[in-house]
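In what follows, a single structure is set out as C-alpha cells and then discussed.
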Amino acid sequence: VERIGGTVDIQTKQGHGTTLKIKIPLTLAIIPALLVTGADDRYAIPQVNLLELVRVEADNVDKAVESVHGAPVFRLRGNLLPLVYLRRVLGLPGDVRGRGGELSIVVLQADDRQFGLVVDSVSDTEEIVVKPLGKELKGLSAFAGATIMGDGNVALILDVPGLAQLAGVAAGEVNDRTVAAP
C-alpha cells in the first residue's frame with residue numbers, strides 16, 4: 001500500500017479491538033504539463049522542467065541552427081543551447097522540422113543542464129494524471145509515465161533527465177545519433 005502512495009493506520013484499544021484505516025490515493029499524481037507532438041503522437045513534458053518555448057521561422061532555420069563539433073546548437077540570447085530532436089531520440093519516422101519547415105524548440109532544464117528539444121508542434125498546457133508505466137516499459141529512460149487524455153487517447157510523459165542522458169547532453173557529450181542535424 002505504501003509503495004503506491006497510500007497509508008495504513010492501525011489503532012488498538014485493549015478490550016475494544018483493533019481498527020485498520022487504509023488510504024489509497026485516487027491518482028498517483030496530478031502535474032501541470034506541456035503537450036507536444038512528434039510523428040503525430042502526443043507527449044507530455046512536466047512543466048517543472050520547462051524554461052521557455054522558441055519558434056524559429058522556416059526561412060531562419062538554417063541561420064539559427066549552428067554546428068559545434070558536428071552537433072546542432074541554437075544561440076539563445078548569446079548562449080549556445082544543444083538541440084535534441086524528439087523524432088531522432090525516440091526513433092520516430094519522418095522529418096525533424098515542423099509543418100511549413102519551422103522549428104519548435106522547447107527549452108528544458110535537466111539537473112544543471114539546459115537543452116532544446118525540437119518537437120513537431122506545441123499544443124497546450126494541461127493538468128494531467130500520472131499513471132505508472134507497466135513493468136514491460138519501466139526500463140525505458142525516456143518516459144516517466146503515461147496519462148489518459150480527455151479524448152481517451154494515451155500520451156506518454158517524457159522524462160526530461162532521461163532524455164538528456166539518452167541524447168548525451170546531460171554529461172556534456174553529444175550523441176550524434178540522437179541530435180544530428182537534419
Side-chain angles (χ1 to χ4, degrees), residues 2-5 25 27-55 65 68-74 76 79-98 103-149 153-182:
E2 289 176 341
R3 264 191 289 179
I4 63 168
T27 61
L28 296 178
I30 298 175
I31 62 168
L34 176 72
L35 300 177
V36 299
T37 59
D40 295 325
D41 293 323
R42 281 190 289 189
Y43 298 93
I45 300 172
Q47 280 192 0
V48 69
N49 300 109
L50 178 65
L51 296 176
E52 65 182 289
L53 302 173
V54 178
R55 182 170 166 220
V65 177
V68 174
H69 301 294
V73 294
F74 177 73
L76 182 64
N79 296 319
L80 291 179
L81 187 69
L83 292 180
V84 175
Y85 293 86
L86 181 65
R87 283 182 180 255
R88 292 241 169 92
V89 78
L90 297 182
L92 303 173
D95 188 17
V96 295
R97 290 190 185 182
L103 224 52
S104 296
I105 302 170
V106 181
V107 182
L108 300 171
Q109 178 89 29
D111 299 322
D112 61 343
R113 298 280 301 181
Q114 291 182 13
F115 68 98
L117 181 66
V118 179
V119 299
D120 290 0
S121 65
V122 176
S123 299
D124 201 359
T125 58
E126 201 170 303
E127 297 255 328
I128 61 170
V129 177
V130 178
K131 300 289 185 184
L133 293 173
K135 63 181 178 182
E136 299 84 8
L137 301 175
K138 278 198 186 266
L140 298 176
S141 63
F143 305 110
T147 188
I148 300 172
M149 304 305 298
N153 290 322
V154 173
L156 291 171
I157 302 167
L158 297 175
D159 181 351
V160 173
L163 277 178
Q165 190 171 29
L166 192 60
V169 296
E173 297 177 10
V174 178
N175 179 336
D176 292 336
R177 182 182 66 79
T178 57
V179 297

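One is the number of the first residue; the rest follow in order along the sequence.
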* Could you pull out the closest heavy-atom pair between Ile45 and Val160, with the gap in Å? => CG2-CG2, 4.0 Å
* **Matching residue for Val84 among Leu117, Ile105, Val106 - test: side chain to side chain contact (heavy atoms under 4.5 Å, CB included)** => Leu117
* To do: Over all heavy atoms of both residues, which pair between Gly116 and Leu81 is shortest? Give the atoms and the distance, please.
  => N-CG, 3.6 Å
* **Atom pair CG/CG of Leu90 and Leu158 - distance to nearest 0.5 Å** => 6.5 Å
* Structure fact -> By side-chain contact (heavy atoms from CB on, under 4.5 Å), Leu140 pairs with (sequence neighbours left out) Leu137, Phe143
* Asked: Minimum heavy-atom separation for Ala146 to Ile157, with atom names?
  -> O-CD1, 3.6 Å
* To do: Please answer whether the main-chain N or O of Val169 pairs with a side-chain N or O of Arg113 as donor and acceptor at a distance below 3.5 Å.
  => yes
* Structure fact -> By side-chain contact (heavy atoms from CB on, under 4.5 Å), Glu127 pairs with (sequence neighbours left out) Ile30, Pro32
* Structure fact -> Across all chains, not counting sequence neighbours, the side-chain contact (heavy atoms from CB on, under 4.5 Å) partners of Thr125 are Leu34, Gln47
* Over all heavy atoms of both residues, which pair between Ala44 and Ile128 is shortest? Give the atoms and the distance, please. => CB-CD1, 3.7 Å
* Asked: Just wondering, do Val54 and Val107 contact through their side chains at under 4.5 Å, heavy atoms?
  -> yes
* Structure fact -> The side-chain contact (heavy atoms from CB on, under 4.5 Å) partners of Val73 (sequence neighbours excluded) come to Glu66, Val68, Leu80
* Asked: Got a sec, which residues hit side chain to side chain donor-acceptor pair (under 3.5 Å) with Asn153, two or more places apart in sequence or on another chain?
  -> Asp151
* Would Asp41 and Leu156 satisfy side chain to side chain contact (heavy atoms under 4.5 Å, CB included), going step by step from the backbone distance to the final call? -> CA-CA 9 Å; Asp41 293 323; Leu156 291 171; over 6 Å; no
* Could you tell me whether the side chain of Asn49 and the main chain of Gln109 form a donor-acceptor pair under 3.5 Å? => yes
* Asked: How far apart are the closest heavy atoms of Pro72 and Val65, and which atoms are they?
  -> CB-CG1, 3.9 Å
* Shortest non-hydrogen contact between Val122 and Ser104, atoms and distance -> CG2-CB, 4.4 Å
* Structure fact -> Applying salt bridge (Lys or Arg N to Asp or Glu O under 4.0 Å) to Glu52 and not counting sequence neighbours gives Arg77
* To do: Evaluate the side-chain proximity of Met149 to Leu35: yes if any heavy-atom separation is below 4.5 Å, no if none is.
  => yes
* To do: Examine the side chains of Ser121 and Thr37 and answer whether a donor and an acceptor come within less than 3.5 Å of each other.
  => yes
* Any chance you could measure Asp111, atom CG, to Gln165, atom CD, to the nearest 0.5 Å? => 9.0 Å
* From CG (Leu103) to OH (Tyr85), nearest 0.5 Å -> 5.5 Å
* Approximate separation, where rounding is to 0.5 Å, of Leu163 CG and Tyr43 OH -> 10.0 Å
